[in-house]
Amino acid sequence: MNIIEVKNLNLFYGKFQALKDISIDIKMNKITALIGPSGCGKSTFLRCLNRMNDLINGVKIKGDVIIDGKNIYKDRIDIVELRKNVGMIFQKSNPFPMSIFDNVAYGPRINGIRDKKQLEEIVENTLRKAALWEEVKDDLKKSGMSLSGGQQQRLCIARALAVEPKIILMDEPASALDPISTTKIEDLIFELKKNYTIVIVTHNMQQAARVSDETALFYMGELIEFNETKKLFTAPENEKTEAYISGKFG
Amino acid sequence: MEAELKNYKRRLKYRKAINLIVNSLTFIAALIAILPLLLIFYYTVSKGISRLNLEFFIEMPKPVGESGGGMANAIVGTLILVGIGGVIGLPVGIMSGIYLAEFGNNKFGQLLRFLTDVLSGVPSIVIGVVAYTIVVIPMEQFSALAGGVALAILMIPTITRTTEEMIKLVPHSYREAGLGLGIPKWKTSLFIVLRTAWKGIATGVLLGLSRAAGETAPLLFTALGNRFWSTNVFEPIASLTVYIYDYARAPFEDWNAQAWTAALVLIILISLLSLTFKIITRSKYKTN
């Protein structure tokens with residue numbers, strides 16, 4: 001079942017066209033990887049899915065992005081509701097300057113949950129889901145900033161999970177991490193697939209091959225190939241894909 | 001080869017000499033810069049400490065000829081004046097700072113920023129004249145309120161610009177994180193951005209309040225001064241700075257001594273204010 005349908009999406013930064021006629025269907029509870037060389041438009045595309053590009057001046061978007069049956073650029077939708085449904089993890093981990101507990105509880109609190117017991121439950125559950133609970137359960141009062149880079153990123157994942165999204169967008173979530181932390185994040189992504197739909201942007205082709213079910217290759221704002229990951233990496237249909245995955249450009 | 005080495009050593013010596021000279025010059029400049037501060041401390045403490053006792057804080061000024069007495073009315077007066085200034089100046093200053101940082105990316109914002117900079121350069125006595133015109137004349141009365149208004153106008157630009165700068169320093173990633181969680185923009189600005197920036201904002205507020213507490217000129221024809229006890233904001237009120245101005249010029253040795261003590265008390269009050277801010281803004285959570 002498709003949870004996200006993108007049809008003929010075009011995006012302009014002023015006069016520069018960053019995305020050209022992109023159409024992709026993203027399946028529910030699958031991991032979809034977006035790969036391609038720097039500046040190919042993969043992050044820009046990702047940010048279209050929760051309207052994060054709205055923050056940038058001079059962005060124009062044409063085409064349809066349909067999430068859960070709603071056209072998020074044309075129908076009258078609540079953008080706050082949309083972003084609650086479509087969570088986001090950024091390249092650089094960005095915990096708020098508060099305690100670990102407050103970081104995770106922030107979203108639920110803003111959404112009106114005040115009951116302390118309930119909050120504690122949410123925090124524990126989401127930290128467990130983010131595979132961080134065992135490491136931090138004794139110092140939930142410590143600053144989120146005091147954690148290591150990999151832990152901070154998992155804290156951000158927990159924070160995103162706490163508002164119960166259906167879809168999680170990840171923008172190179174492991175690119176600033178060491179190999180061990182990267183493995184932990186990848187294991188976590190794989191685990192999350194059971195309950196969430198994940199779209200992940202990555203520079204790292206091995207990572208895409210390891211974690212994803214489907215992969216889309218972007219190049220110069222165009223979608224070159226979108227296929228099952230196994231197929232894309234072993235028997236690509238497009239010459240450019242072949243050239244990219246064998247390292248001939250990019 | 002040998003000639004080259006010799007040449008190199010000569011240049012090295014030369015470089016070291018230049019380094020020493022520049023280092024000494026900067027050190028001397030730093031000394032000169034703090035010298036006035038040390039002199040201020042030295043004189044106010046040495047000349048003011050002899051009368052710094054409980055009497056100074058709880059008693060009223062004595063009439064000419066009688067020795068001793070305190071400045072209770074002026075101490076309270078200064079607190080009231082700075083308080084009124086803060087009550088008006090803080091919300092206006094902080095909120096306009098927020099406006100400039102979050103929504104000021106347009107022509108109006110640029111104009112506002114420019115005018116704020118102009119205002120911060122306006123001599124304080126001119127601000128006093130303005131407060132005289134807009135408060136004292138219509139009310140037909142010198143008053144603490146007029147003094148407070150003058151001080152508020154004085155502190156607003158400082159607070160506005162520091163607030164703006166501090167909010168702009170908050171990494172964009174915090175905003176994105178907030179919005180990405182589905183938190184509305186205004187809540188993100190208010191609860192995440194402000195919460196991160198508030199230490200810096202507090203510094204701006206402190207600067208504004210301290211500057212206001214030390215002003216004399218704008219109070220001369222607004223709050224005027226008062227030899228008697230008054231906490232009525234609609235009447236003239238005493239202040240430490242105006243007392244210092246009057247007493248330091250007076251031909252009585254006794255008054256001159258009182259002026260030194262008043263100066264010392266003012267410095268202590270401002271230091272206490274600064275210390276309080278340091279303590280309450282000491283956060284458990286560092287912000288990258």
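Being a predicted model, the structure only gives us computed values, none of them experimental. Chain naming here is simple, since letters A, B, ... match the order of the sequence lines and numbering starts at 1 in each.
- Below 30°, between 30° and 60°, or above 60°: for Phe45(A) and Phe218(A) the angle between ring planes is between 30° and 60°, a tilted geometry.
- Heavy atoms closer than 4.5 Å to chain B are found in the backbone of Pro95(A), but not in its side chain.
- Here Glu176(B) is the residue among Lys187(B), Glu176(B), Arg175(B) with the most heavy-atom pairs under 4.5 Å with chain A.
- The aromatic rings of Phe191(B) and Trp186(B) are tilted relative to each other, their planes meeting at an angle between 30° and 60°.
- Note that Lys92(A) lies outside the cation-pi zone of Phe90(A), set by a 6.0 Å cut-off to the ring centre and a 45° limit from the axis.
- When Ile183(B), Asn105(B), Leu179(B) are compared by the number of non-hydrogen pairs under 4.5 Å with chain A, Leu179(B) comes out ahead.
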Salt bridge (Lys or Arg N to Asp or Glu O under 4.0 Å) between Glu164(B) and Arg113(B), intermediate numbers included: CA-CA 10 Å; Glu164(B) 184 194 358; Arg113(B) 207 166 285 130; 2.9 Å; yes
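- For Lys42(A) and Asp171(A), the salt-bridge test fails: no basic side-chain N is under 4.0 Å from an acidic carboxylate O.
- With a threshold of 4.5 angstrom between heavy atoms, Arg159(A) approaches chain B through its backbone and through its side chain.
- With a 4.5 angstrom heavy-atom cutoff, Arg47(A) touches chain B only via side-chain atoms.
- When heavy atoms are compared at a cutoff of 4.5 Å, Val163(A) approaches chain B solely by way of its side chain, counted from C-beta outward.
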